[in-house]
Structures are given as structure tokens and as C-alpha cells.
Amino acid sequence: MSGVIVTNPPKADGKDVEALAGHGVATVSEAMGRTGLLGPEIRPIQQGVRVAGTAVTVLSWPGDNLMIHAAVEQCGEGDVLVVTTTSPSTDGMFGELFATALHRRGVKGLIINAGIRDTQELREMGFAAWSRAVSAQGTVKATGGSVNVPVAVDGQVIRPGDVILADDDGVVVVPRERARETVERSEAREAKEARSRAAFLEGQLGLDRYHLREKLTELGVEYRTYEEYEGGRP
């Protein structure tokens, strides 16, 4: 497998990345029309952590982490490393030594569509990671691949410089040219939810606030007392 290492790709504006970091993955995905989510199998190795950064992408051969070594050189402050393989793999392609090198370069975290190991050490050093599998199985360094090219993970295309947002709920990708729009839509959604939260604290029901009683009626859902329900049973 031959490949290419692309240097200095365009990136989303840092202010937009920072603004997106103030919103959760669910909010941002909803703001984009329920798009951009990676599958639920890619899970965090820690809890209570949210990161947002610009993607540096890696396409590797399964069980081979050579191109991760190549990608470290292309990573810088505020990036998130995104790794996938040409076919499914659960081998532990990334561990504490990689995290040490990336942490030194200001990388926010890792998204890997394969296996990860040294998870205790990564948590202790505060390096955030989301992976498809946790595995102690080692890898080789023998096959070429690519860095900073578009990759696909769970049907989502991730390009270098796109925004990656990850938290306890999962991972979402925001195309770099949609970052500012998504910030504005996310802020609007948060404001709307704040108004709903205040209403719920005052005792209002979602059935009334969202006009769902009418929906129940349209769907033919009926209210009956217990006695009516029991008396109507055969």
C-alpha cells in the first residue's frame, strides 16, 4: 500500500473551534440537522471530558501503526488525531508513548477507529481518547498509508482541518466550512433549551410546551381512567 503525507492543510478557524467546545456533541449534531455523528461503538476511555480540535487524519493498514508515527510530525497545537484503517481492526495501535509525544505538541486528543491500549496511563496523564476497542494486542510498522487525506469513519467523511468534537456521548465531525454556521445554530439551540429548562423548573410539562397533546389526539391515543380501561377489557 503506497500513500501520501499532506502538509499544511486548511483548518477551521480557531475561534469557531473554541466556541464549539462550549457545546455538547448532541447539541452540535442536532444543530447540523442530526448529522455528523460517528457510530456509538467509538467510546471514550475516560468520563467527564470534552475536547474540540481540528482533525489530522491517518489512514493505516490494519495492525500497523507506521503512519501514526508519520502523523505525529504533522500535529500541532489544538489538533485532534483521527485514525482509521483500510479494513476493520481492533489491534492496540496507540498507547502511552504516542500520547506523550502528542501531548508535547499540544494535541487535544485521539479518535481511533481501531484498538487502543495503556488506557490507565492515558487517563492518568490526562490524554483524552475515544476508540472502537481496547486491546493489548501489539502492531507492526511495515506498511505505507496516508496522512491528512479524507477518511471515512462510520459513514462520516472526515477531512483534515474539519472540527472534531468529542465528549461522553460520542464524537461528531463538523465540516470546516460549516464551523461558524454550526456555532450560531448551536448557540440558538442552547438558548431555546435554556428557556425550556426554566419552564420545566416552574412545573410546565413537555406535553404542553411542545403541543404534544394535539399530537397524541392526531395519533388516536386516548385518555381513560383505570376503571374505564379495566371495564373495557374483554
Side-chain angles (χ1 to χ4, degrees), residues 1-18 20-21 25 28 32 35-39 42 51-89 91-95 97-116 122 127-132 139-166 170-180 182:
M1 176 182 174
S2 60
V4 62
I5 298 172
V6 180
T7 61
N8 301 316
K11 295 182 177 183
D13 186 272
K15 292 182 180 178
D16 293 334
V17 177
E18 183 179 357
L20 286 169
V25 165
V28 170
M32 291 196 299
T35 63
L37 286 174
L38 276 59
I42 295 183
V51 301
T54 45
V56 172
T57 62
V58 180
L59 180 62
S60 290
W61 197 260
D64 191 315
N65 67 6
L66 173 62
M67 299 314 296
I68 299 180
H69 284 278
V72 171
E73 183 181 25
Q74 304 304 316
C75 290
E77 190 76 30
D79 286 332
V80 172
L81 186 63
V82 179
V83 180
T84 191
T85 53
T86 56
S87 60
S89 174
D91 293 340
M93 298 177 64
F94 186 100
L97 292 178
F98 272 136
T100 299
L102 291 174
H103 185 75
R104 172 68 176 77
R105 301 178 77 87
V107 172
K108 295 289 189 69
L110 167 80
I111 312 299
I112 183 165
N113 188 27
I116 192 172
L122 267 59
F127 188 84
W130 286 254
S131 70
R132 184 168 295 275
T139 56
V140 299
K141 302 166 181 61
T143 313
S146 293
V147 176
N148 277 335
V149 299
V151 297
V153 179
D154 290 337
Q156 300 297 332
V157 175
I158 302 171
R159 301 166 304 164
D162 285 347
V163 183
I164 298 295
L165 178 68
V171 183
V172 65
V173 55
V174 180
R176 56 180 180 258
E177 66 273 11
R178 293 189 61 190
R180 170 46 31 191
T182 303

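Everything numeric here is computed off the predicted structure, so don't read it as measured data.
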For Glu177, which residues count as a side chain to side chain contact (heavy atoms under 4.5 Å, CB included) partner, sequence neighbours excluded? Arg159, Pro175
Nearest heavy atoms of Ala152 and Thr84, plus distance in Å: O-OG1, 4.0 Å
Any residue meeting salt bridge (charged side-chain N to carboxylate O under 4.0 Å, His left out) with Asp154, in chain and number order, not counting sequence neighbours: Arg132
The reported gap from CD1 in Ile112 to CG in Asn65 (rounded to nearest 0.5 angstrom) is 8.5 Å
Among residues at least two apart in sequence or on other chains, which ones pass side chain to side chain contact (heavy atoms under 4.5 Å, CB included) with Glu18? none
Please round to the nearest 0.5 Å and tell me the distance separating atom CD1 of Ile68 and atom CG of Leu110. 7.5 Å
Pair listing, salt bridge (charged side-chain N to carboxylate O under 4.0 Å, His left out) test, anchored in residues 5-15, at least two apart: Lys11-Asp79
If I compare all heavy atoms of Val173 with all of Leu38, which pair ends up nearest, and what's the gap? CG1-CD1, 4.4 Å
Residue list, ring pair (Phe, Tyr, Trp, His ring centres under 6.0 Å) with Phe98, at least two apart or on another chain: His69, Phe94
Between Ala129 and Leu122 the two heavy atoms that sit nearest each other are CB-CD2, 4.2 Å
Those residues that, when tested against Arg180, pass side-chain hydrogen bond (donor to acceptor under 3.5 Å, both in side chains) (two or more places apart): Asp16
If you take all heavy atoms of Ala166 and Ile111, which pair is closest and at what distance? CB-CD1, 4.1 Å
Salt bridge (charged side-chain N to carboxylate O under 4.0 Å, His left out) partners for Asp64, two or more places apart: none
Among Val80, Asn113, Val149, Val82, which residue meets the side chain to side chain contact (heavy atoms under 4.5 Å, CB included) test with Ile158? Val82
Note: Ala52 and Lys108 closest approach over all heavy atoms is O-NZ, 3.2 Å
List the residues meeting side chain to side chain contact (heavy atoms under 4.5 Å, CB included) with Ala70, not counting sequence neighbours, and say none if there are none. Ile5, Met67, Val147
Taken in chain and number order and not counting sequence neighbours, the residues that satisfy side-chain hydrogen bond (donor to acceptor under 3.5 Å, both in side chains) with Thr57 are none
Under the side chain to side chain contact (heavy atoms under 4.5 Å, CB included) test, which residues partner Ala12, sequence neighbours left out? Val17, Thr54, Val163, Arg176, Ala179
Not counting sequence neighbours, which residues clear side-chain hydrogen bond (donor to acceptor under 3.5 Å, both in side chains) with Thr35? List them please. none
Heavy-atom closest pair, residues Leu66 and Ala142: CB-N, 4.3 Å
